[in-house]
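Source: prediction; values computed, not measured. Counting begins at 1 with the first residue of the sequence.
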Amino acid sequence: MVILSVESSCDETAVALTENGRRVLVDEISSQVDLHAVYGGVVPELASRSHIQAVSRLAESALAKSGIHRRDIDAVAVTAAPGLIGALLVGVNFAKAAALALGVSLVPVHHIRGHIAANYIAYPQLEPPFVCLVVSGGHSLIVDVRDYTDMRVLGSTRDDAAGECFDKTARVLGLGYPGGAKLDELALTGDPHKYELPRSRIDGYPLDMSFSGLKTAVINLVHTAEQRGEAIDKNSLAACVCRAVSETVVSRSVEAALKLGYGRLAAAGGVAANSFIRRDLTAAAGKHSLSLYLAPLRLCGDNAAMIGSQAYYEYLAGARADASLNAYASMPVDRPTFFDS
Ligand code: KG4
Ligand code: ZN
């Protein structure tokens with residue numbers, strides 16, 4: 001089954017063609033990073049406009065590169081939640097029109113479910129059940145993936161996402177936007193024990209997380225140093241933040257995986273590209289004899305192949321939408337409902 005998938009929830013326009021949820025025929029991404037960098041963050045209106053300008057061209061180019069004929073497309077899939085509402089609507093409307101024109105089914109996909117599915121592409125042998133750590137710019141979750149479309153949230157952040165903490169730290173250190181990857185690079189040559197930073201625990205909810213305290217501590221540390229005229233060791237501060245975030249997410253993911261006893265732990269999302277998290281997960285999984293599935297770097301960030309992968313399983317489970325499909329800025333990963341009534 002060939003699926004044409006579209007992703008436009010934030011600042012990447014992406015179109016892919018995938019087969020049976022596991023094989024990527026083509027995966028096109030157009031990043032808006034340069035557009036938003038001057039503003040230090042994503043400007044929603046600019047993101048929507050840029051998606052409109054890119055999506056048709058990207059779909060044409062995906063089709064041309066894949067060698068797939070339009071009549072061989074069996075369904076059109078699209079990220080319909082969560083994300084920037086104006087940005088999502090561009091993809092949703094494009095997908096509706098494409099499904100109508102091709103005379104095929106339209107499958108709405110939850111963005112976080114897509115991130116999880118990135119691992120199905122990378123690891124053909126991976127099947128549920130498993131525990132998945134999903135860390136991105138807007139979300140930090142530990143998910144019990146009971147089946148391809150049956151999920152339960154085991155833990156989540158109470159405030160900021162891990163990516164928000166990385167991006168704000170990067171901004172205060174003058175690394176520009178989006179700063180997660182640059183912070184990671186800087187951290188590699190820093191001392192991860194130089195600065196003392198807080199870790200949060202939520203009473204009674206051992207798998208939940210909080211990153212706002214860490215973010216505020218970093219901002220205060222930098223501002224205080226500036227006021228005193230003291231120099232900050234940027235590399236070491238970056239390393240300390242990476243270590244704090246990694247310790248938080250890795251300990252909880254492993255705890256969840258051991259509790260559920262599946263023996264399988266996966267990680268996905270833009271922040272799962274972080275080298276501290278990857279190194280620490282690898283060590284912890286080895287120590288506890290868990291099979292670890294780390295989404296490869298190119299599939300960690302937003303892309304449409306992961307949406308096509310999850311769409312295949314949503315399709316098999318009966319998910320269909322029609323021209324009344326809406327986009328939703330927020331939606332729980334374990335109870336996605338794409339119908340207003
Ligand atoms: O999943 P994603 O591409 O978009 C969302 O759905 O949010 O994640 C983007 C986030 C940004 O916060 C970015 O700074 C962060 O992932 N990121 C990283 C790294 N690469 C990307 N954070 C830490 N270390 C990295 N190597
Ligand atoms: Zn994402």
Side-chain angles (χ1 to χ4, degrees), residues 3 5 7 9-12 14 16 18 20-29 31 77 79 82-83 109-145 148-149 151 153-156 161-163 166 178 180-181 184-185 242 245-246 248-250 252-254 256-257 262-286 290-314 333:
I3 295 181
S5 53
E7 155 64 41
S9 65
C10 192
D11 58 351
E12 327 272 356
T18 49
N20 297 338
R22 299 274 176 166
R23 198 161 89 87
V24 180
L25 304 173
V26 65
D27 186 14
E28 295 279 278
I29 302 181
S31 172
T79 305
V109 176
H110 189 289
H111 182 76
I112 297 298
R113 289 187 170 207
H115 272 303
I116 295 171
N119 283 295
Y120 300 139
I121 296 169
Y123 304 101
Q125 77 282 18
L126 175 64
E127 287 178 3
F130 58 90
V131 166
C132 190
L133 166 70
V134 192
V135 269
S136 71
H139 296 85
S140 301
L141 298 163
I142 296 168
V143 183
D144 173 8
V145 185
Y148 290 103
T149 59
M151 302 180 195
V153 175
L154 300 167
S156 59
F166 279 134
D184 191 6
E185 210 181 307
C242 288
V245 171
S246 181
T248 302
V249 300
V250 172
R252 284 161 177 77
S253 311
V254 169
Y262 298 146
R264 286 188 289 273
L265 174 62
V271 177
N274 184 265
S275 50
F276 281 62
I277 296 177
R278 296 177 86 82
R279 183 198 62 201
D280 296 346
L281 274 176
T282 305
L290 294 166
S291 300
L292 180 66
Y293 303 88
L294 286 174
L297 295 188
R298 74 186 162 77
L299 287 173
C300 281
D302 290 346
N303 64 85
M306 67 185 197
I307 301 303
S309 174
Q310 181 61 23
Y312 174 70
Y313 297 103
E314 300 286 352
V333 67

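- Side-chain atoms of Asn119 come within 3.5 Å of backbone N or O of Ala295 as a donor-acceptor pair.
- In this structure the side chain of Leu294 reaches within 4.5 angstrom of the side chain of Tyr123, judged on heavy atoms.
- Put simply, the side chain of Ser291 does not reach to within 4.5 Å of the side chain of Gln125, judged on heavy atoms.
- Cys10 has its side chain out of reach of His111: every pair of non-hydrogen atoms, C-beta onward, lies at least 4.5 Å apart.
- Side-chain contact between Val271 and Phe166 is present, with at least one heavy-atom pair separated by less than 4.5 Å.
- Contact detail for Phe276 and Ser246: the closest heavy-atom pair is O-OG, 3.4 Å.
- Proximity of Arg113 to Glu314: side-chain heavy atoms (C-beta onward) are separated by under 4.5 Å at one or more points.
- For the pair Asp144 (side chain) and Leu154 (backbone), a donor-acceptor distance under 3.5 Å is absent.
- No side-chain heavy atom of Val134 sits less than 4.5 Å from a side-chain heavy atom of His139.
- With sequence neighbours excluded, no residue forms a ring-ring contact (aromatic ring centres under 6.0 Å, His included) with Tyr262.
- Nearest heavy-atom pair, Ala162 versus Val135, reported as atom, atom and distance to 0.1 Å: CB-CG1, 4.1 Å.
- The two residues Leu265 and Leu290 come nearest to each other via the heavy atoms CD2-CD1, 4.4 Å.
- Residues Ile29 and Glu7 fail the side-chain proximity criterion, which asks for heavy atoms closer than 4.5 Å.
- Taking CD1 of Ile121 as the reference point, atom CG of Leu126 lies at 11.5 Å (rounded to 0.5 Å).
- Residues passing the side-chain hydrogen bond (donor to acceptor under 3.5 Å, both in side chains) test with Asn274, sequence neighbours excluded: none.
- In this structure, CD1 in Ile112 is found 11.5 Å from CD in Gln310, a value given to the nearest 0.5 Å.
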For Val249 and Ser140: C-alpha separation, side-chain torsions, deciding distance, then whether side chain to side chain contact (heavy atoms under 4.5 Å, CB included) applies. CA-CA 8 Å; Val249 300; Ser140 301; 5.7 Å; no

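- Judged by distance alone, the side chain of Ser309 and the main-chain N or O of Ala305 form no donor-acceptor pair under 3.5 Å.
- Closest of all the heavy-atom pairs between Ile142 and Ser253 is CD1-N, 3.7 Å.
- When all heavy atoms of Met306 and Gly114 are compared, the pair lying nearest together is CB-O, 3.1 Å.
- Between the side chain of Ser5 and the backbone N or O of Ala304, at least one donor-acceptor pair lies under 3.5 Å.
- For the atom pair NE2 (His110) and CD1 (Ile116), the distance works out to 9.0 Å, reported to the nearest 0.5 Å.
- Under the 30°/60° scheme for interplanar angles, the aromatic rings of Tyr313 and Tyr148 are found to lie parallel.
- Nearest heavy-atom pair across His115 and Ser136 is NE2-CB, 4.5 Å.
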